[in-house]
Amino acid sequence: MKDSIQFETPENVQVTYEIAGLGSRFVAWFEDQLILLVLLFIVFLCLLFLGMGNAWVVANYFPSGVDEKDSAFYFIGLATLIMGFANFIYFGLSELLMRGQTIGKRHAHIRVVKLNGYALDAGSILMRNAFRVLDHIPLLWIVPAFAPRSQRLGDMLAGTLCISDEQKTLGSLREVLLARPATEREFRFDIGALNRARQTDIEAVERILENIPTMTEERQAYLLEIICNPLAERLQVPEPDPGSRRQFLEDFLAADYRRRQRQLG
């Protein structure tokens, strides 16, 4: 059984994440490195093309006394600088814009979150990726294998970890909500409202909607009440009537699923 981390949301709903295994993390890292190699190869070709016009560049833009041979070191230094920052830029921007994922992580169904389960912020992304260069030291490759939560050094310092993002039990719920006609939607959520939702909100809503059929009416009413009003306040939308709370959650989750589907497309 995979290791997991559990915490309780402000709405008193327990959410459990499975910690990503080393195998899936390696697959994601390998795919991201291939993507980086392709991008860097394109950059190399561009620099090579610029180098062909080296004499013209030297004659027009370099100060007197700088010959063509010296300018070659300029281009080598530029290439080294680009390669040195490639990992930081690629991983940092990807995790910031793709909610804790890179292209490789998305295909491997894993993502990065903070230790409290919340989505990454700019500070934690900066910290974990600033120490990414240390991951290329062979001796430190064994750190995730022995760390309690399979964290690398950058994760430990930033307070983050990789979790599984596979949807194992939500397939039917996702399909039902995405297949629901627009005429059956009572609530509308714009992109601004969806961006204000935290990942823990989405996890909590999924957990409640998946388990509602097995709950008593009293339990349903209790959970719908404690999650709907705080969620509406966070999204800055009107609170639903008691009889519309389940519909409110379903429409919210469907809107989030549609947004993710558009991002993947």
Side-chain angles (χ1 to χ4, degrees), residues 3-7 9-10 15-40 43 80-137 140-141 143-145 147-167 191-204 234-235 256 259-260 262-264:
D3 294 332
S4 61
I5 180 172
Q6 186 178 77
F7 62 95
T9 72
V15 176
T16 301
Y17 286 137
E18 285 187 352
I19 297 176
L22 294 179
S24 58
R25 293 181 65 178
F26 176 78
V27 169
W29 174 84
F30 186 75
E31 181 175 344
D32 287 326
Q33 292 303 314
L34 288 179
I35 294 171
L36 272 172
L37 284 175
V38 172
L39 294 176
L40 290 175
V43 170
T80 303
L81 183 65
I82 292 175
M83 292 178 184
F85 281 100
N87 272 273
F88 178 82
I89 294 173
Y90 171 78
F91 284 95
L93 284 180
S94 296
E95 291 171 359
L96 180 64
L97 300 176
M98 298 170 63
R99 302 179 68 182
Q101 290 183 312
T102 60
I103 296 174
K105 287 185 177 70
R106 177 164 290 183
H107 289 165
H109 302 291
I110 62 176
R111 61 187 170 87
V112 184
V113 297
K114 299 174 73 172
L115 286 178
N116 56 11
Y118 292 171
L120 294 180
D121 54 30
S124 55
I125 290 174
L126 176 64
M127 178 66 73
R128 76 185 303 272
N129 285 293
F131 287 88
R132 186 171 292 279
V133 65
L134 296 179
D135 292 341
H136 297 287
I137 300 176
L140 295 180
W141 290 356
V143 171
R149 294 169 176 168
S150 299
Q151 294 169 287
R152 63 179 181 83
L153 186 60
D155 286 316
M156 295 178 186
L157 295 172
T160 60
L161 75 161
C162 281
I163 62 168
S164 174
D165 198 42
E166 285 189 285
Q167 300 294 335
I191 191 65
L194 294 176
N195 285 337
R196 285 188 284 270
R198 303 174 307 192
Q199 185 60 33
T200 50
D201 297 323
I202 298 168
E203 296 278 355
R234 186 171 300 114
L235 301 182
D256 184 74
R259 179 182 66 163
R260 294 192 194 190
R262 287 193 296 269
Q263 290 175 343
L264 288 173

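- Contacts of Asn195 classified as side chain to side chain donor-acceptor pair (under 3.5 Å), with partners at least two apart in sequence or in another chain: Arg259.
- The two residues Ala158 and Ser124 come nearest to each other via the heavy atoms CB-O, 3.5 Å.
- Scanning both residues, Ser24 and Ala20, for their nearest heavy atoms gives OG-CB, 4.0 Å.
- Under the 4.5 Å side-chain criterion, counting only non-hydrogen atoms from C-beta, Ile103 is not in contact with Arg106.
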### Query
Run the side chain to side chain contact (heavy atoms under 4.5 Å, CB included) check on Glu203 and Arg198 step by step: do they pass?
CA-CA 9 Å; Glu203 296 278 355; Arg198 303 174 307 192; over 6 Å; no

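- Listed here is the closest heavy atom pair of Met156 and Ala147: CE-CB, 3.4 Å.
- Summarising the geometry, atom CD belonging to Gln199 is positioned 7.5 Å from atom CG belonging to Asp256; distances are rounded to the nearest 0.5 Å.
- Between Glu18 atom CD and Ile110 atom CD1 the span is 13.0 Å, to the nearest 0.5 Å.
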### Message
Checking Leu161 against Leu115 for the side chain to side chain contact (heavy atoms under 4.5 Å, CB included) test, could you report, in this order, the C-alpha distance in whole Å, the side-chain angles of both residues, the deciding distance, and whether it holds?
### Response
CA-CA 6 Å; Leu161 75 161; Leu115 286 178; 3.6 Å; yes

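- To the nearest 0.5 Å, the span separating NE2 on His109 from CD on Gln101 amounts to 9.5 Å.
- By the salt bridge (Lys or Arg N to Asp or Glu O under 4.0 Å) test, Asp32 pairs with no residue at all, sequence neighbours left out.
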### Message
With side chain to side chain contact (heavy atoms under 4.5 Å, CB included) as the criterion, how do Trp29 and Leu34 come out once you've worked through the C-alpha distance, each side chain's angles and the decisive distance to 0.1 Å?
### Response
CA-CA 9 Å; Trp29 174 84; Leu34 288 179; over 6 Å; no

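- For the atom pair Ile19 CD1 and Ser150 OG, the distance stands at 6.0 Å (nearest 0.5 Å).
- The pair Asp121-Lys114 counts as a salt bridge, with a side-chain nitrogen and a carboxylate oxygen less than 4.0 angstrom apart.
- Remark: the backbone N or O of Thr160 is paired with a side-chain donor or acceptor of Gln151 at under 3.5 angstrom.
- Taken from CG in Leu120 to CZ in Arg128, the straight-line distance is 7.0 Å, to the nearest 0.5 Å.
- Glu95 has no carboxylate O lying under 4.0 Å from a charged side-chain N of Arg111, or vice versa, which leaves the two without a salt bridge.
- In this structure, Asn129 contributes its side chain and Ile125 its backbone to a donor-acceptor pair below 3.5 Å.
- Under the 4.5 Å side-chain criterion, counting only non-hydrogen atoms from C-beta, Arg25 is in contact with Arg152.
- Under a 3.5 Å cut-off, the side chain of Ser94 and the backbone N or O of Phe91 do not form any donor-acceptor pair.
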